[in-house]
There are 2 protein chains.
Amino acid sequence: MAKYKKSERQEILLERINDDPFLTDEKLAEIFGVSIQTIRLDRLELAIPELRARIKNVATEEVDKIKSLSLQEVTGEIIDIELNSQALSLFIIEEGHVFERNQIARGHFLFAQANSLCVAVINEPLALTKSADIEFKRQAKLHDKVISKAVVNNMDNNNASITVESKVEGRLIFKGQFEMYYSNEGDNNG
Amino acid sequence: MAKYKKSERQEILLERINDDPFLTDEKLAEIFGVSIQTIRLDRLELAIPELRARIKNVATEEVDKIKSLSLQEVTGEIIDIELNSQALSLFIIEEGHVFERNQIARGHFLFAQANSLCVAVINEPLALTKSADIEFKRQAKLHDKVISKAVVNNMDNNNASITVESKVEGRLIFKGQFEMYYSNEGDNNG
DNA sequence: CCTCATTTAGTAGTTGGTACTAAAATCAGT
DNA sequence: ACTGATTTTAGTACCAACTACTAAATGAGG
């Protein structure tokens, strides 16, 4: 039972409650080997609401989270963008993205990162993937930080050609050639 | 303040709690113009859990939803499989999978379905996508039921060649040629 | 009027807290 | 080693929203 100092404990407390909001003060006190009062003080200082309020929050924060998780977390985070020219994104491989057996990232998450980046780099209301030619060069593993770079080769006549390369620590793991269709009419029917 | 008889009240109570689980016994008592005890008796007879339990249920359901959407629902559901030969899967396009603006499915979800199917159809401990050649023929829209069919063309020397076609109501929307690497050593390092 | 069902009242106990006071333990600096 | 501040515990009173129980009041029908 390693004893933390106050600041450490509070940091960890935040994380703990963040990924399991269903923990009572009593259980937290056990976890940290301190009294309930200490936990209460910590929550007070960190402005963490009580169990019931936390549960209620989870219950009321409806579909928003689902959307953001299913969309954003798959996509990666865009870290640099020059519209119609090039873009960079970061995608960190997490538990949900790998095969349990060997911790290797499922290919379609790497594709998703690249594809999303292609959609993002095109500065038009509508951008759809028409076709792609992709190669998985090396395996990405759990916790890898995948940096994806998209470069627009040419854009004309509502068609864009984009090359994407994804790397982990400088080593190429994925390469793709994307052909995109774009249009300035966003809500077109096709 | 119309007075109901017991059976009526209980019926309405069920509905009420169903579409707003956040009602306390006190508020329900006001709504029906009866005492709290009556409401409690009703809940007892109808086996409706108390407020906090209801909220907790909602919260845990949401958490489950998020998990399943972010992990499994991307893949689709396998509806038929003949190992090392062919497989079918169903993927229903939901809110999280489409562009908000025009309700068109993001390409990488269709790819994910196809890719997952390729991994599934190969009956080996390790199956990884090496490369793919894909085409998005038509747009898939919100609530579309996408049926994906993977056919293994040949398998030898740890390489498999698979053709995937995805259709919505019989119309081809996606086509892909996948080259997979497989091995019987599941937890190999690459 | 009697009787059975229904409703209401009231008490004790529970969980998971807040808000507060005060004592004890720990640590940090001189 | 001593002092003063910080941190941790302990303890009390109180709250919401209950459960579980007992008991009384009210209805409604034969």
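Computation of the quantities below employed the complete heavy-atom set of this structure, encompassing side-chain atoms and omitting hydrogens, waters and symmetry-equivalent molecules. Below, read A as the first sequence line, B as the second, and so on, with proteins coming before strands; counting in each chain starts at 1. For clarity, every value in this text was computed on a predicted model and none was experimentally measured.
Boundaries of the chain B contact region on DNA chain C are C:dT6 to C:dG10, first to last in 5' to 3' order (nucleotide atom under 4.0 Å from a heavy atom).
Legend: residues meeting side chain to side chain contact (heavy atoms under 4.5 Å, CB included) with A:Gln37, ordered by chain and number and at least two apart, are A:Ser35. Listed by chain and residue number, A:Phe111, B:Phe178 satisfy the ring pair (Phe, Tyr, Trp, His ring centres under 6.0 Å) test with B:Phe111 (two or more places apart in sequence, or in another chain). A search for side chain to side chain donor-acceptor pair (under 3.5 Å) contacts involving B:Arg9 returns B:Asp42, not counting sequence neighbours. By the side chain to side chain donor-acceptor pair (under 3.5 Å) test, A:Asn153 is found to be paired with A:Thr163, residues two or more places apart in sequence or in another chain being considered. Applying the side chain to side chain donor-acceptor pair (under 3.5 Å) criterion to A:Lys6, with sequence neighbours excluded, gives A:Glu45. Partners of B:Ile17 according to the side chain to side chain contact (heavy atoms under 4.5 Å, CB included) rule, which considers only residues two or more places apart in sequence or in another chain, are B:Leu13, B:Leu28, B:Arg43, B:Ile48, B:Arg54. Scanning for side chain to side chain contact (heavy atoms under 4.5 Å, CB included) contacts around B:Ile36 gives B:Asp25, B:Glu26, B:Ala29, B:Arg40, with sequence neighbours left out.
Here D:dA20 presents its C1' atom at 16 Å from CD1 of B:Ile36, a figure rounded to the nearest Å. Rounding to whole angstrom units, CD of residue A:Gln10 and P of D:dT7 are separated by 9 Å. Rounded to whole angstrom, the span from the NZ atom of B:Lys27 across to the C1' atom of D:dA17 amounts to 12 Å.
Sorted by first and then second residue, the salt bridge (Lys or Arg N to Asp or Glu O under 4.0 Å) pairs involving residues 168-177 of chain B (not counting sequence neighbours) are B:Glu165-B:Lys175.
Residues B:Glu77 and B:Ser89 bring no donor and acceptor atom of their side chains to less than 3.5 Å of each other. For the residue pair B:Asn115/B:Thr129, the side-chain donor-acceptor check at 3.5 Å is satisfied.
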Tabulate protein N/O versus nucleotide N/O from nucleotides 14-16 of chain D, keeping only pairs under 3.5 Å, one per line.
residue: D:dA16; atom: N3; partner: B:Arg52; partner atom: NH2; Å: 3.0

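Sorted by residue number, the members of residues 37-51 of chain B with any non-hydrogen atom under 4.0 Å from DNA chain D read B:Arg40, B:Arg43, B:Glu50, B:Leu51.
Here B:Leu44 is tied to no hydrophobic group at all, with no ILVMFWY side chain closer than 4.5 Å.
The residue B:Arg54 sits apart from the nucleic acid: no heavy atom pair falls under 4.0 Å.
Residues A:Asp25 and B:Ser35 each lie close to DNA chain C; by heavy-atom proximity, the contact nearer the 5' end of the strand is made by B:Ser35.
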